[in-house]
Amino acid sequence: MATYPFQEIETKWQKYWKEEGTFRHVSPEISTDPKYYVLDMFPYPSGAGLHVGHPLGYIATDILAKYYKLKGYNVLHPMGFDSFGLPAENYAIETGTHPSITTEKNIQRYKEQLEMLGLGYDDTAEIRTSDPSYYKWTQWIFIELFDCWYDNKLQRARRIDELVFHLSKNGTENLFAVTSIQDSITADDWNSMSEPEQQKYLLNFRLAYLSFTPVNWCPALGTVLSNEEVKDGVSERGGHPVIRVPMRQWSLRITAYADRLLAGLDTVEWPEPLKEMQRNWIGKSEGLELAFEVEGFNHGIEIFTTRPDTLFGVCFLSLAPEHPLALEISSIEHKKSVEAYIEKALSRSERDRISDTKELNGVFTGVYAIHPLNGNRIPIWVADYVLAGYGTGAVMGVPAHDDRDFVFAKKNSLNLKIVIEPNKQHDFNKGAWVLKEGLIIDSDFLNGLSVEIGIQKVIQTVEEKGLGQRKINFRFRDAIFSRQRYWGEPIPIIYKDGIPYAVSKSDLPVTLPEVISYKPTGNGDSPLASISDWVNLPNGYQRETNTMPGWAGSSWYFLRYPDSSNNQFFCANANEKYWMNVDFYLGGAEHAVGHLLYARFWTKFLYDLNHITHQEPFQRLFNQGMILGYRYFLEVDIERKIAFNKPGNENKIPKNNYKKLEVKQDFIDNKGFFIKENLNLLLERNNLESLEWKWEDSNTFEVELGLYTDKMSKSLGNVVNPDDMCKTYGADTFRMYEMFLGPLDQPKPWNTNGISGVHSFLKRWWNLMVDESGKLLLTDEIVTNEENRFLHQLIKKVTDDIEKLSFNTTVSAFMIFVNKMNESKCCKRLIMLPAVICLAPFAPHFAEEIWMKAGNTRSVFLEKFPIYDDNFLVSNTFEYPIQINGKTSNLRLSFDINKNKDEIGQEVIKNEGVNLLLKGKRLLKLIVVPGRIINLVIE
RNA sequence: GCGGAUGUGGCGUAAUUGGUAGCCGCGCCAGACUUAGGAUCUGGUGCCGAAAGGCGUGGGGGUUCGAGUCCCUCCAUCCGUACCA
């Protein structure tokens, strides 16, 4: 029997494709074909190399790319590396190795692995974010952001020049700009400002701006993080605590684009849950902003509410600890306690804040506000459940109709006033009535109105009286853009007397200088700050020493691939117009609110400046499910010193006695059972006394372990590499097996149990077509209708399934096909060669080898994908299952496919077998669904 | 709390979108070839039952001639998010 020489053919064709450039894209100047741009999410080249989870998506996009190529498209399927980032830098801090060296090594390893899998990435398009020829353009885009402001009326970014012109003519009159300040100025005010004053003022408008705001400071990483990089109060990378401290930082005014980021979601084909996550993250809410006067002060406190209908139910006001008026208004006798409270609240870490979200504490300021509509006196409190960064940093407390206000009022013995009539069962001793149902009561001119109408009426009244206005707020914040780290893009800014100016575009890139130490200084300066001859320019100016965050380079990289070596522009217009946007983008859902939001923002911004022609970067997006790793544990009772032979004892023994001991691979035999002799060693590893232990069942030799499934990660030690699999079974088997595992979007634990089945399928196909001497057995015999039907069923299935990304079912369709062909030992040219073309996207080396053996001289990927013919798919009879009252019987009756309902019905009634089934019962109804089923309804 | 997803044999899964539940593969059982098998081939394999037959898509209810699929309700698991006024 011939062996299937996968090792030999895989290296052979990988080399051939590389030399021939088979999978390179064609420039739009030359190509007349439609384009197809497939993209994988940008990987960070980590030192661990690829694990089996990464290729899942890469294989899927590779199949798409190869399929579309066979369909006649000009395909761009590139790969690059998001090569700036913390791991390489942390490694540099530990070892002194320059991050670029580590990064280069890791990239080489990634590339080898990708090639080993037969992934046909276009090597001419490869990019790296840490390459100066790339980050030159990242810096260039930053300068464009610095040079723009956002016009709310035109709903687009405009040049700062135009803003300056407007200010000099009209001041802020008729200016609908997104800005950090509320004050209005006149043209005279503007014109009388000095140059530094003007520049300072303009920072309130620039889309890349410098501001002094509370930021997520991570002492362990020595850097500031964006909201998207903080999870549960700790850093997403490394899990270090994060605290809020005010610092001078670069931010990007992404909030200006909030509405367009929301609206754009309706134009793209993304999974609905992902769109929903972005909508929630942006968090648009409509409400009323209004001012309460403060007794004894001449300025009021602005609050924001989405429930203005409950305005008459206000029992207190709460200010965020950071609120500028919090201390100022406090009465003399309360000043001390307020001060102490604020100090304590501000020094708390984010994690502490989160850990007691149920505890709503606060402190009374000793002063009262005046209700703007009924003149009532309302106590003002300071409370840290009020966030400084949202709305106005102050809220009106309506304990009867808001959960938090209810808890706060109860804790601090404040009043509760009911202004919406709840349903009868509701008990105000137990909680607030928060539903927007019921009629308004005790509220002057609102009495008897519904919530919905009440809201509109209050807003209208308040606006008429000039007390406040309708307002839309967004949950998400401007993105903090500076990092106090070494291994990132330098921010292209220089300071003249403390005022930031953009580096001239002709001086880009601002390259990263060499440093002696990669360590963050810990006082908020980046390592760059210590290189004084880099920082201090000959003309007396200073360079910005912060670097850009990890997401800077990935926010526009998809625009670079179509023209990756252009050094005149980030992407020539013709190339951008032809290739963008990305037809198919595949990656994990973890980028939902970070990368995907920033990339959309930069795309819209570049569109506003006419640099590109598309507003949305990714037309169709798909999230692959994560591949999970297994870890194993053994259950023990530490009190009675018993080890269990089977998992599932958690609830059988007292909680304090129960323990799960993690078992590493070295204590597990090749059937997955625990090796009993290792019990003592395991106990010692877990620092347990190992004497006198017993097995629950000492007679059974096999010990089943419990399973944890979690994300594959180096730290959990559950990572599986594709390398060994590829060596044993070959890349084609590995590719098909990963696809065979199940639907692409479902998370699934990695499990190699089935890989031999996929491998023997390929072997069967090989043996069907190739004899022992390696010669192809193709024949030119006449093809039967049945064989044609099997072939065309296959073509149809593959075509349909690829469009749906249902690759697992495609693999099984190939298996069914080969099983059928094997039954008759069919090796006919007209059947087998089209099937090989179908297989090519999935098992490219296998297909290429057979294709070339068949006497062809150019790659199978230069062929045309076969098209199925419906005429071969239909058979002329259908075997109807016969149901009695909806239950399927054993009886089957064949009828011509073209026979209509009535004809079939007539014959069914006459049929002997049917009458036997009826057992003499009366037939009430006969249902015939042509091509599907026959159902007899009897009494 | 809120939002989303998922639940089908021992396991991974499939089901023409309301029409024969369990395709394909793993595992398991039996057999063939073999010095040997973690190779290959053949047959079997949802569960209960000797069989006839009955039961069966997380649980309960409903719509329908007919429900894995639609509706209501409950449960479990996973993911995201969290004081957003």
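Within every chain, numbering begins at 1; the chains are lettered A, B, ... in the order of the sequence lines, protein sequences first and strands thereafter.
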Spacing of the [atom1] atoms in [M] and [N] (rounded, Å):
N	M	atom1	answer
B:C26	B:G80	P	34 Å
B:A39	B:A76	P	43 Å
B:G22	B:G56	C1'	11 Å
B:A51	B:G12	C1'	34 Å
B:C74	B:A85	P	27 Å
B:C70	B:U17	P	14 Å
B:G10	B:A5	P	28 Å
B:C65	B:A15	P	28 Å

Query raised in the report: Does the B:U20 base have a donor-acceptor partner in the side chain of A:R932 within less than 3.5 Å?
Result: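 There is none.
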Parallel, tilted or perpendicular: rings of [Y] and [X] (30°, 60°):
X	Y	value
A:Y737	A:W750	perpendicular
A:F814	A:F842	perpendicular
A:F872	A:H792	tilted
A:H759	A:Y729	perpendicular

What nucleotide among [options] has an atom nearest to a side-chain atom of [X]?
X	options	value
A:I933	B:A85, B:G25, B:U20	B:U20
A:Q883	B:A21, B:C83, B:C41	B:A21
A:K763	B:G27, B:U40, B:G25	B:U40
A:K925	B:C65, B:A14, B:U20	B:C65
A:Y385	B:G3, B:C83, B:U20	B:C83
A:R475	B:A82, B:G3, B:G25	B:A82

Query raised in the report: So, is A:T888 close to the B:G19 phosphate, meaning a side-chain N or O under 4.0 Å from OP1 or OP2?
Result: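 Checking A:T888 against B:G19: no side-chain N or O falls below 4.0 Å of OP1 or OP2.
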Requested in this report: Indicate whether OP1 or OP2 belonging to B:U40 is found under 4.0 Å from a side-chain N or O atom of A:N767.
Outcome: no
**Report entry** Contact check, side chains of A:R307 and A:D402, non-hydrogen atoms, under 4.5 Å
**Finding:**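 A side-chain contact is absent here, since even the closest heavy-atom pair is not under 4.5 Å.
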May I ask you to say what [X] touches in the nucleic acid, namely base, sugar-phosphate or nothing, with a heavy-atom cut-off under 4.0 Å?
X	answer
A:D403	nothing
A:N935	base
A:L741	sugar-phosphate
A:V937	sugar-phosphate
A:R477	base
A:P743	sugar-phosphate
A:S318	nothing

Output the rounded distance in Å from [atom1] ([X]) to [atom2] ([N]).
X	N	atom1	atom2	result
A:I884	B:G66	CD1	C1'	13 Å
A:E738	B:G12	CD	P	17 Å
A:K887	B:U20	NZ	P	15 Å
A:N822	B:C24	CG	C1'	15 Å
A:M277	B:C78	CE	P	18 Å
A:W281	B:C79	CH2	P	18 Å
A:N819	B:C24	CG	P	7 Å
A:K797	B:C24	NZ	C1'	11 Å

Requested in this report: On RNA chain B, check which nucleotide each of A:L936 and A:T809 is closest to and give me the residue with the more 5' one.
Outcome: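 Going by which nucleotide is closer to the 5' end, it is A:T809.
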Query - Check: A:W381 ring centre within less than 6.0 Å of A:F408 ring centre - result: yes
**Report entry** Pair A:N473, A:S285: side-chain N/O donor-acceptor within cut-off below 3.5 Å
**Finding:** no
